[in-house]
Amino acid sequence: MSGYIELCAELIRNILPVRTLDSNKGSYGKVLNIAGSLNYQGAAYLSSVSSLKVGAGLVSLATIETVINNISALTPNLTFFKLRDSYSKCIASDSFAELVPILGGYNVVSIGSGLSLEPAVMAFVSDFIKYFADSSTSIVMDADALNSVAESGFCKLPVNTIITPHPKELSRLLRCDVERIQEDRISAAKAASEKFGCLTVLKGYRTVICTPNFEIFINTTGNSALAKAGSGDVLVGMITGFLAQGVSCDGAVKLAVFLHGLCGELAAEKLTEYSVLAQDIVDCIPLSIKSILH
């Protein structure tokens, strides 16, 4: 691989947002996370809590009542916005309108973690994309939001959008085989950024970051401990948490990807690469940040 920059601690350290004594929760931004369904409640939890762990001032989870009831019992640290649910216990197809009055109160919105692939979700994601078409709000799209994009055929996403596909999700978006993605991951990430006009994070071994201007960054941290359900949801939350604090889109992604990989390494030191769970990655976020502060 050529024509890229490898992420390192020195580069990341210079991007980390500064915390000041004279500040409050509003100083560090507000995240709205649209996530979760009956069968994928953990994804909503992980993608929300990890935003707080990297320093966001406030995180609101927009989801259905069942998910709210269960997650609120796990943590007192989130706020919630209830969305109507469909018969299949995912967000209702016409429920996006319920969110519109509150959207102006958030400087970053993430969507996709654990939403499911029900038709109702695809309709919701379509309304979401249309609403933000001309908005400058930072948006992170993952998982089922990306699968909805692939199904619906959208070719351009709102400006300041970050997508975080794994190879299978990117294969759906680009309508090609996974093998082709893996043969040339840099070209695949570039193709996604060109097609959708967004910043692409192609997850996997040596995660590839491609900016809308086709600058390429390759991650150098991580291990097989991250190959576990929920790991990607943690990454989404970390990205949105840094965005909320005013870090640029490419800066937030570099920070989150590098630190996420470092969390996998730190967790594996204690637990082995076999036994790390997504919650362990969240728990290692403070140690990963501390390690690059000095």
Side-chain angles (χ1 to χ4, degrees), residues 16-17 19 23-37 40-83 91 95-96 98-115 124 128 132 135 137-145 160-162 164 201 230-249 251-253 255-257 259-260 263 278-279 281-286 288-289:
L16 194 68
R19 310 284 291 190
S23 61
N24 56 65
K25 63 177 180 290
S27 306
Y28 303 112
K30 298 179 180 180
V31 173
L32 178 65
N33 184 27
I34 306 168
S37 58
Y40 302 102
Q41 300 184 45
Y45 169 87
L46 293 164
S47 55
S48 299
V49 170
S50 52
S51 292
L52 291 171
K53 278 287 190 179
V54 299
L58 178 144
V59 177
S60 298
L61 172 60
T63 190
I64 62 174
E65 185 173 14
T66 299
V67 178
I68 291 175
N69 290 341
N70 291 331
I71 291 181
S72 61
L74 292 176
T75 176
N77 298 298
L78 303 173
T79 63
F80 299 93
F81 187 87
K82 186 174 73 173
L83 294 170
I91 52 177
S95 61
F96 180 74
E98 300 170 14
L99 278 177
V100 172
I102 71 166
L103 290 174
Y106 298 90
N107 51 317
V108 55
V109 182
S110 51
I111 182 170
S113 296
L115 285 182
F124 183 100
F128 176 94
F132 283 104
S135 172
T137 301
S138 296
I139 293 168
V140 182
M141 302 186 73
D142 183 51
D144 293 325
N160 293 333
T161 294
I162 297 165
T164 58
V201 180
S231 176
D233 301 309
V234 177
L235 177 61
V236 167
M238 294 175 72
I239 293 171
T240 57
F242 285 126
L243 286 170
Q245 295 171 77
V247 181
S248 66
C249 286
V253 165
L255 264 172
V257 167
L259 292 173
H260 183 261
C263 286
Q279 181 62 57
I281 300 169
V282 175
D283 293 341
C284 283
I285 289 174
S288 72
I289 295 174

Which pair of non-hydrogen atoms, one from [X] and one from [Y], has the smallest distance, and what is that distance?
X    : Y    : answer
N107 : A244 : ND2-O, 2.9 Å
G230 : A278 : C-CB, 3.7 Å
L32  : A62  : CD1-CB, 4.0 Å
I71  : A44  : CD1-CB, 3.8 Å
N24  : G26  : OD1-N, 2.8 Å
C263 : S288 : SG-OG, 3.6 Å

Take I281 and S231 through the side-chain contact (heavy atoms from CB on, under 4.5 Å) test and state the conclusion after the steps. CA-CA 7 Å; I281 300 169; S231 176; 3.7 Å; yes
My understanding is that only residues two or more places apart in sequence, or in another chain, count here; which of them pass side chain to side chain contact (heavy atoms under 4.5 Å, CB included) with [X]?
X    : result
S23  : T20, S27, Y28
S110 : V31, N33, V140, V236, T240
S135 : F132, T137
A143 : E169

Check whether more than 12 heavy atoms from other residues, nucleotides or ligands sit under 6.0 Å from atom CZ of F96, and answer yes or no.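 Yes, the 6.0 Å shell around CZ holds more than 12 heavy atoms from other groups.
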Please list all pairs passing the side chain to side chain donor-acceptor pair (under 3.5 Å) test where one or both residues lie in residues 62-72, with sequence neighbours left out.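 Sorted pair list: Q41-N70.
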When you look at V253 and I162, which way does the side-chain contact (heavy atoms from CB on, under 4.5 Å) test go after all the steps? CA-CA 8 Å; V253 165; I162 297 165; 3.7 Å; yes
[X] versus [Y]: any side-chain heavy-atom pair under 4.5 Å?
X    : Y    : answer
T161 : M141 : yes
R19  : Q245 : yes
L16  : L255 : yes
Q279 : L46  : yes

Report yes or no: do S50 and H260 form a side-chain donor-acceptor pair below 3.5 Å?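 No, no side-chain donor-acceptor contact under 3.5 Å.
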Do D233 and S113 have a side chain donor and acceptor closer than 3.5 Å?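 Yes, side-chain donor-acceptor contact under 3.5 Å.
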Out of V67, I68, V59, which one pairs with F80 under the side-chain contact (heavy atoms from CB on, under 4.5 Å) rule?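 Among V67, I68, V59, the one that satisfies the side-chain contact (heavy atoms from CB on, under 4.5 Å) with F80 is I68.
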Using the side-chain contact (heavy atoms from CB on, under 4.5 Å) rule, take C249 and L243 through it: C-alpha gap first, then chi angles, then the decisive distance, then the call. CA-CA 7 Å; C249 286; L243 286 170; 4.1 Å; yes
Please report the interatomic distance CG(L78) to CG(L58), rounded to the nearest 0.5 Å.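 The distance works out to 9.0 Å.
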Find the distance between CG (D283) and NZ (K53) and round it off to the nearest 0.5 Å.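 Taking CG in D283 and NZ in K53, the distance rounds to 6.0 Å.
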Among all residues two or more places apart in sequence or in another chain, which pass the salt bridge (Lys or Arg N to Asp or Glu O under 4.0 Å) test with E98?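 Residues passing salt bridge (Lys or Arg N to Asp or Glu O under 4.0 Å) with E98: R84.
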Taking only residues two or more places apart in sequence or in another chain, which ones pass salt bridge (Lys or Arg N to Asp or Glu O under 4.0 Å) with D142?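 Partners of D142 under the salt bridge (Lys or Arg N to Asp or Glu O under 4.0 Å) test: K203.
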With sequence neighbours excluded, what pairs up with Y106 under the side-chain hydrogen bond (donor to acceptor under 3.5 Å, both in side chains) test?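 By the side-chain hydrogen bond (donor to acceptor under 3.5 Å, both in side chains) rule, Y106 matches S60.
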F81/L61 under side-chain contact (heavy atoms from CB on, under 4.5 Å): CA gap, chis, key distance, verdict: CA-CA 6 Å; F81 187 87; L61 172 60; over 6 Å; no
D144 side-chain N/O to L115 backbone N/O, donor-acceptor pair under 3.5 Å: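 Side chain of D144 to backbone of L115: a pair is present.
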